[in-house]
Amino acid sequence: MADSIFPGEQPDRLEEECGVFGVYAPGEDVARLTCYGLQALQHRGQESAGIAVGDGSTVIEAKDLGLVTQVFDEATLAGLGEGVVAIGHVRYSTSGGKASWEAAQPHISAIDDTLIALAHNGTLVNTNHLRAQLIDEGEHLRAGTDSEVAAKAIGHLTRQTHHLREGIRYAMENLEGAYAMVLASPEALYAFRDPHGIRPLCIGQLPEGRGWVVSSETCGLDIVGAEYVRDVEPGEMVRFTAEGMVSEQAVPPRPRAACIFEYVYFARPDSVLDGQSVYQARRAMGRILADEAPVEADLVLGVPDSGVPAALGYSEASGIPFTDGIVKNRYVGRTFIQPTQAMRQLGIRLKLNPLPSVISGKRLVVIDDSIVRGNTSKKLVQMLRDAGAAEVHLRIVSPEVLWPCFYGIDTDTREQLIAANMTLEEMNDWIGSDSLAFITLDGLRASLADAGHDGFCTACFTGDYPVPIPDDVAKKSFLTRKDFEAVYAGEVS
């Protein structure tokens, strides 16, 4: 689904917070490899990018607001010098507020005379408690992000144990929420993941044993020629040094709760998560949706890009021909140029444009990944009607988004979620479609049959949160006190 491209506007889809990448490869251009990896993960965050390099004695970094190609040029990469280890980060701000240089990552922190750099994908739910505890114990915090809190907690505990590995392990015992993190010391790379495995993180190896790579998605491994080895397990900490890869179960794993929306929208279609091809999962979603919500129509269209594989699946199962009826402008991203009112009125057309010669007079089945606030869906339907569509039937390959996410996805309050405030019929009328249907949760789960597990976080659909949300955090995102109490009374499932 197309998001808002204008500053200050709420995006009309769920937004992933960020992507992380790490390399341990003495003798390689680790900064450049990390830059390539971040470009592969650019879809996970477009507000800031950063790289930190460890050269055996210290850690230096470069980061700024903007896309990877805007932040890093030849001079910037050369300035990072030669190193043995590097980590990188692309960010979309949720926890921590607006985009700012201070909130950009990696986050550099000092442990006595040693610098470390930390990059984090996800959101901690106990940040306020940890921040207060660290301040009471004499730590100074500046950025206000949960990533800074995590780095400070690791540093604080490392000073007490005198071993970075122990500092990370003890910190993991205190961190609550979603986190897939990479950490660089001057001579080592660490990767670790929350005990539910909410956010993804995988390991690859460079050809001829030249080094190790860690990435939020396998597409990051592919771009640098690394071969996928395995995923970082929930609660696991993996260390890469001159001695090779060493892993330990830092904290006991909890019931698996991988974010199911990674398969619906966040991940690139060429990625593989837990053994499941994202592309094939999306095609399966379309096939299942065709069985669950059939309709008589002339053509099936997918909203670029994430809706296209599902549209192909819907076409296969229904027998309705698939067509490219919507063209995406791939060079319009998040813009820092303030638009005029006239440009605002163009809205979705800056990113998507229909093909009247293809769709005029036709009954359309339009496949999209999700409906969050509904504004973009409404504009999309009107745009297709203006292009001559006779009928527009919306089919969505995720269930209704009813609850806010606290684990690194951009939702604010239930009041903003259209499905939490309207019936299906009311949504269909407001959006202006001829019919509207969502895949069932059972159908979505069935599309992930090749995943190496069946444990998924579905809280945005069900309100069943795998990690309890503290009162001070939860109250800000629920529409009413009744909603809040219903979740914690166990009435939501």
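Although no hydrogens or angles enter the test, the distance criterion places no donor-acceptor pair under 3.5 Å between the side chain of Ser247 and the main chain of Met237. Not one N or O on the side chain of Glu391 forms a donor-acceptor pair closer than 3.5 Å with the backbone of Ala297. Between the side chain of Lys63 and the main chain of Ala104, a donor-acceptor pair closer than 3.5 Å is present. In this structure, the side chain of Arg254 does not engage the main chain of Pro466 through any donor-acceptor pair within 3.5 Å. Distance alone, capped at 3.5 Å, is enough to place a donor-acceptor pair between the Ser277 side chain and the Gln280 backbone. Arg199 places no side-chain N or O within 3.5 Å of a backbone atom of Asn121 that could act as its donor or acceptor partner. One N or O on the side chain of Thr218 and one on the backbone of Val272 form a donor-acceptor pair closer than 3.5 Å. Judged by distance alone, the side chain of Asp434 and the main-chain N or O of His393 form no donor-acceptor pair under 3.5 Å. With hydrogens and angles ignored, the 3.5 Å screen pairs no side-chain donor or acceptor of Glu262 with any backbone N or O of Pro200. No donor-acceptor distance shorter than 3.5 angstrom exists from the side chain of Tyr24 to the backbone of Met245, with no hydrogens or angles considered.
Ion pair Arg282/Asp305 not flagged as a salt bridge, since none of the NZ, NE, NH1 or NH2 atoms sits closer than 4.0 Å to an Asp/Glu carboxylate oxygen. Remark: Glu415 does not engage Arg373 in a salt bridge, criterion side-chain N to carboxylate O under 4.0 Å. At a threshold of 4.0 Å, the pair Glu217-Arg268 does not count as salt-bridged, since none of the basic side-chain nitrogens sits closer than that to a carboxylate oxygen.
For the atom pair CD of Glu47 and CZ of Arg91, the computed distance is 7.0 Å after rounding to the nearest 0.5 Å. Note that OG of Ser360 is 11.5 Å distant from CG of Leu384, once rounded to the nearest 0.5 Å. The OH atom of Tyr314 lies 16.0 Å from the CE atom of Met285; values are rounded to the nearest 0.5 Å. A distance of 7.5 Å separates CG of Asn375 from CD1 of Ile418, quoted to the nearest 0.5 Å. Taken from CG in Leu301 to CZ in Phe322, the straight-line distance is 7.0 Å, to the nearest 0.5 Å. Put simply, CZ on Phe192 and NE2 on His120 are 9.0 Å apart, with the number rounded to the nearest 0.5 Å.
Between Cys202 and Leu221, the closest heavy-atom pair is SG-CD1, 3.8 Å. Taking all atoms of both residues into account, the shortest heavy-atom contact from Thr34 to Ile51 is CG2-CG1, 3.9 Å. Closest heavy-atom contact between Leu201 and Ala191: CD2-CB, 4.0 Å. The minimum heavy-atom distance between Thr127 and Asp146, with the atom names listed, is OG1-CB, 3.1 Å. Contact detail for Ala449 and Gln276: the closest heavy-atom pair is N-OE1, 3.7 Å. Contact between Val71 and Leu65 at its shortest, heavy atoms only, is CG2-O, 3.6 Å.
Between Val30 and Val85 the shortest side-chain heavy-atom distance does not fall below 4.5 Å. Contact annotation: the side chain of Leu444 never approaches that of Thr458 to less than 4.5 Å [non-hydrogen atoms, C-beta and beyond]. When side chains are defined from C-beta on, Val23 does not count as touching Leu189, because their heavy atoms never get closer than 4.5 Å. Annotation: side chain of Asp73 is in contact with side chain of Thr76 (closest heavy-atom distance under 4.5 Å). At least one side-chain heavy atom of Cys35 sits under 4.5 Å from a side-chain heavy atom of Val68. Looking only at side-chain heavy atoms (C-beta outward), Arg256 and Pro234 come within less than 4.5 Å of each other. Looking at Phe21 and Val182, their side chains never come closer than 4.5 Å, going by heavy atoms from C-beta outward. Within the 4.5 Å cutoff, the side chain of Leu206 has heavy atoms near those of the Val224 side chain.
Applying the ring-ring contact (aromatic ring centres under 6.0 Å, His included) rule to pairs touching residues 427-455 yields His453-Phe456, sequence neighbours excluded. For residues 288-310, there are no ring-ring contact (aromatic ring centres under 6.0 Å, His included) pairs, not counting sequence neighbours.
Checking Ser435 against Arg395 by side-chain atom types alone, a donor-acceptor pair falls below 3.5 Å.
Partner of Ser377 under the side-chain contact (heavy atoms from CB on, under 4.5 Å) criterion, chosen from Val372, Val303, Ile431: Ile431.
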- Task: May I have the step-by-step check of side-chain contact (heavy atoms from CB on, under 4.5 Å) for Tyr407 and Cys457, ending in yes or no?
- Result: CA-CA 10 Å; Tyr407 307 132; Cys457 177; 4.0 Å; yes
- Val467/His196 under side-chain contact (heavy atoms from CB on, under 4.5 Å): CA gap, chis, key distance, verdict: CA-CA 8 Å; Val467 181; His196 289 283; 3.5 Å; yes
- Candidate pair Val20 and His89, rule side-chain contact (heavy atoms from CB on, under 4.5 Å), full reasoning: CA-CA 5 Å; Val20 299; His89 188 271; 3.7 Å; yes
- Task: Take Leu394 and Val381, measure what side-chain contact (heavy atoms from CB on, under 4.5 Å) needs, and give me the verdict at the end.
- Result: CA-CA 8 Å; Leu394 276 183; Val381 169; 4.0 Å; yes
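Annotation: Glu227, atom CD; neighbour count of heavy atoms from other residues, nucleotides and ligands within 6.0 Å does not exceed 12. Under a cut-off of 6.0 angstrom, the local environment of OH in Tyr279 is crowded, with over 12 non-hydrogen atoms contributed by other residues, nucleotides or ligands.
Residues satisfying the salt bridge (charged side-chain N to carboxylate O under 4.0 Å, His left out) criterion with Glu208, sequence neighbours excluded, are absent altogether.
Not less than 6.0 angstrom separates the ring centroid of Phe72 from the ring centroid of Tyr36.
Ring-plane geometry between Tyr465 and Phe406 is classed as perpendicular, the angle between the planes exceeding 60 degrees on a 0 to 90 degree scale with a lower cut at 30.
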